[in-house]
Amino acid sequence: MSAVNTFDNLINSLNSDFFDHFNSKDIDIFSNCQPTPLENPRLIHVNKRFCIELGLKHNIFETERAKDLMSGNLAGLSLKPISVVYSGHQFGTWAGQLGDGRAITLGELATKDQTTQIESLWDIQLKGAGLTPYSRFADGRAVLRSSIREYLCSEAMHGLGIPTTRALCLVTSDTKVQRESIESGAILCRVAKNHIRFGSLEHFYYSEQPDALIALIDYSINRHFPEWNNLKDKYERFFTNTILKTASLIAKWQSVGFCHGVLNTDNMCILGNTLDYGPFGFLDRYDPMWICNTSDYNGRYSFHNQPSVGLWNLNALATCFSKLIKKEKIISKLRLYEPALVKEYRALMNQKLGLSDDSTDYKFQDELLKIMQRDKVDYTFFFRQLSYTRSLTDEILKLFSSIDDIKEWFENYELKVKSSKVHQRSMLEVNPKFTLRNHLAQKAIKKAEEGDFQELKVLEKIIQAPYEEHKEYHQYSLPLPTDLQSQRLSCSS
Ligand code: AMP
Ligand code: MG
């Protein structure tokens, strides 16, 4: 694997592993699909940190040809772009065939982790690249607003240490896209270890294509866990891995206050990565009932429902394994989910509080959250403040209105931290100073829509390293002003 330091080198480095594999098996999982180039494209942002991780020199994107590629103009390039089919359950109901309605994968880039020496393939995908055979009634486009939100949130997740798809660069254009109003068409270059969804497996199960279903699972095993290829229980291992990775992912979301917003099975990745950022939100004031998606009328995907929705989705996935794993085994594996999630969540909350791993006074954790909910206390800000002193400072006290309750809680807390072996400094490494607060993202979007990308750069900087102080950007860590409500978002993107 040589360093990718020119544009031609990047093009030559792109594999077509997925294409070649399923093409040779004659399995109908993708369609060849050319992007429709954006009009007058401008490459407005490149993720320099991620370029380094991928072994790419970021200045290879400072060329006309790179801009052409990232805006969907593949003229003269020998790539095999594809869109992939999947199905899924949306809001608890079988939705039938969906698929990459606006995403086109250009190929895969191979990297080698310098420390572990593990090789990975990364899908390089253009989201918003025009109509595909799976666009159904929609236009195949993405607007600048939603592309910036996905860019920032996937980087925020990564900065928090939570598994996620990544974002490489953003292109805006003069292409007009109709949503509630006319907006600029944009393309986000999304990069992921894979884009295989629970719904990808459901697609072949429900369309009664058992050979294709097995081929897709085998492909996934070979790509991600080649050491299991020849094991008799490889399907069981694979399914169990998805269960445990999903439990871990959702425990992490709950601990940082992230609400995904649309946890349909087509938005769940079989590797347990956060996938498809739409109307997501980080909690400002702590409210477990928070529903960040205005189209989610019954709160199916509210913040506190996420753990149980994860299990619902895994049950839907389990059906796909019904011919490959014995029923009792499937049930016993599904039973691993809840204890795994609870264990990790409790441990993460202990870390946030600076308490030892063996602290099992979970009522104590819940008591704090109850007071925070009642007093509408800012989740991220509170835990960061706690990390500085581990005591009830004036700064913390003024966040609360239930003064007696929080004083009593702190009396107990101060006793507990005295006997805890956890160093206070380590709390600063688990309690971020910054999350992608929606009102900050909105501000960056508004500026970007006016052609000013400075705010986008600032947000990127703080969310990519959210545990650092960034003193000059202290105001970005402050709670939402009391006269503002956390903004909910629609699916429009
Ligand atoms: P989502 O709610 O973003 O997960 O999307 C659900 C399905 O609708 C997926 O199959 C998407 O590819 C498709 N989709 C969403 N927006 C568009 C669009 N503007 N054009 C084509 N397909 C879309
Ligand atoms: Mg989706």
Side-chain angles (χ1 to χ4, degrees), residues 29-31 33-36 38 72 81-105 123 125-151 153-154 157 164-165 167 171-173 175-188 190 192 194-203 206-207 259-271 273-281 291-297 300-301 309 313 316-317 488-493:
I29 186 167
F30 67 80
S31 299
C33 194
Q34 285 297 329
T36 312
L38 291 171
I82 57 169
S83 285
V84 173
V85 71
Y86 51 82
S87 297
H89 281 86
Q90 298 188 317
F91 289 90
T93 307
W94 177 243
Q97 186 191 303
L98 304 162
D100 290 332
R102 52 177 170 170
I104 297 179
T105 301
D123 290 357
Q125 186 179 83
L126 302 183
K127 185 168 174 182
L131 291 173
T132 80
Y134 314 111
S135 298
R136 297 178 295 158
F137 44 83
D139 59 7
R141 289 300 187 193
V143 294
L144 180 61
R145 156 178 63 84
S146 67
S147 306
I148 290 178
R149 283 171 52 79
E150 172 149 4
Y151 180 96
C153 200
S154 54
M157 279 301 193
T164 177
T165 58
V171 177
T172 189
S173 72
T175 299
K176 302 273 173 269
V177 177
Q178 175 81 54
R179 294 293 178 259
E180 283 82 4
S181 59
I182 305 273
E183 299 187 49
S184 303
I187 290 181
L188 170 83
R190 179 162 71 176
N194 83 31
H195 287 90
I196 300 174
R197 302 146 191 271
F198 290 13
S200 310
L201 274 58
E202 288 180 290
H203 178 74
Y206 287 103
S207 60
C259 194
H260 180 285
V262 202
L263 280 181
N264 294 330
T265 59
D266 53 299
N267 290 337
M268 300 282 295
C269 167
I270 49 125
L271 293 180
N273 294 331
T274 316
L275 172 69
D276 276 9
Y277 293 91
F280 63 83
I291 306 162
C292 55
N293 177 356
T294 53
S295 322
D296 181 6
Y297 306 111
R300 180 181 174 87
Y301 301 140
V309 162
N313 289 340
L317 180 70
R488 303 170 64 205
L489 292 159
S490 76
C491 280
S492 153
S493 62

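Counting starts at 1 for both ligands and their atoms, following the listed order. Please read all numbers here as calculations on a predicted model, not as lab measurements.
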ask   = So does Asp276 have any N/O/S atom less than 2.8 Å away from the Mg ion (ligand 2)?
value = yes

task = Taking both backbone and side-chain atoms into account, decide whether Asn267 has an N/O/S atom under 2.8 Å from the Mg ion (ligand 2).
result = yes

key: Is_contact(atom 8 (O) of ligand 1), protein non-hydrogen, under 4.0 Å   = yes

ask   = Less than 4.0 Å between atom 2 (O) of ligand 1 and some protein heavy atom, yes or no?
value = no

Using a strict cut-off of 4.0 Å, indicate which atoms of ligand 1 neighbour a heavy atom of [X].
X      : answer
Gly99  : 9 (C), 10 (O), 11 (C), 12 (O)
Asp139 : 18 (C), 19 (N), 20 (N)
Arg179 : 19 (N)

key: Distance from atom 21 (C) of ligand 1 to nearest protein heavy atom, with residue and atom   = Gly101 O, 3.1 Å

remark   = for atom 5 (O) of ligand 1, nearest protein heavy atom and its distance come out as Asp266 OD2, 4.8 Å

request  = May I have the step-by-step check of salt bridge (charged side-chain N to carboxylate O under 4.0 Å, His left out) for Arg197 and Asp276, ending in yes or no?
outcome  = CA-CA 10 Å; Arg197 302 146 191 271; Asp276 276 9; 3.0 Å; yes

key: Verdict with supporting geometry, Thr165 and Tyr277, side-chain hydrogen bond (donor to acceptor under 3.5 Å, both in side chains)   = CA-CA 9 Å; Thr165 58; Tyr277 293 91; 5.1 Å; no

request  = Please say whether Asn267 places an N or O atom under 3.5 Å from an N or O atom belonging to ligand 1.
outcome  = yes

query = Is there a nitrogen or oxygen of Leu98 sitting under 3.5 Å from a nitrogen or oxygen of ligand 1?
reply = no

inquiry  = Closer than 4.0 angstrom, basic N to acidic O: yes or no for Asp139 and Lys176?
reply    = no

query = Using the ring of each side chain (for Trp, its six-membered ring), is Tyr206 parallel, tilted or perpendicular to His89, with breaks at 30° and 60°?
reply = perpendicular

remark   = Between Ile104 and Cys33, the two heavy atoms sitting closest are CG2-O, 3.6 Å

inquiry  = Counting only heavy atoms closer than 4.0 Å, does ligand 1 sit against the backbone of Arg141, its side chain, both, or neither?
reply    = backbone

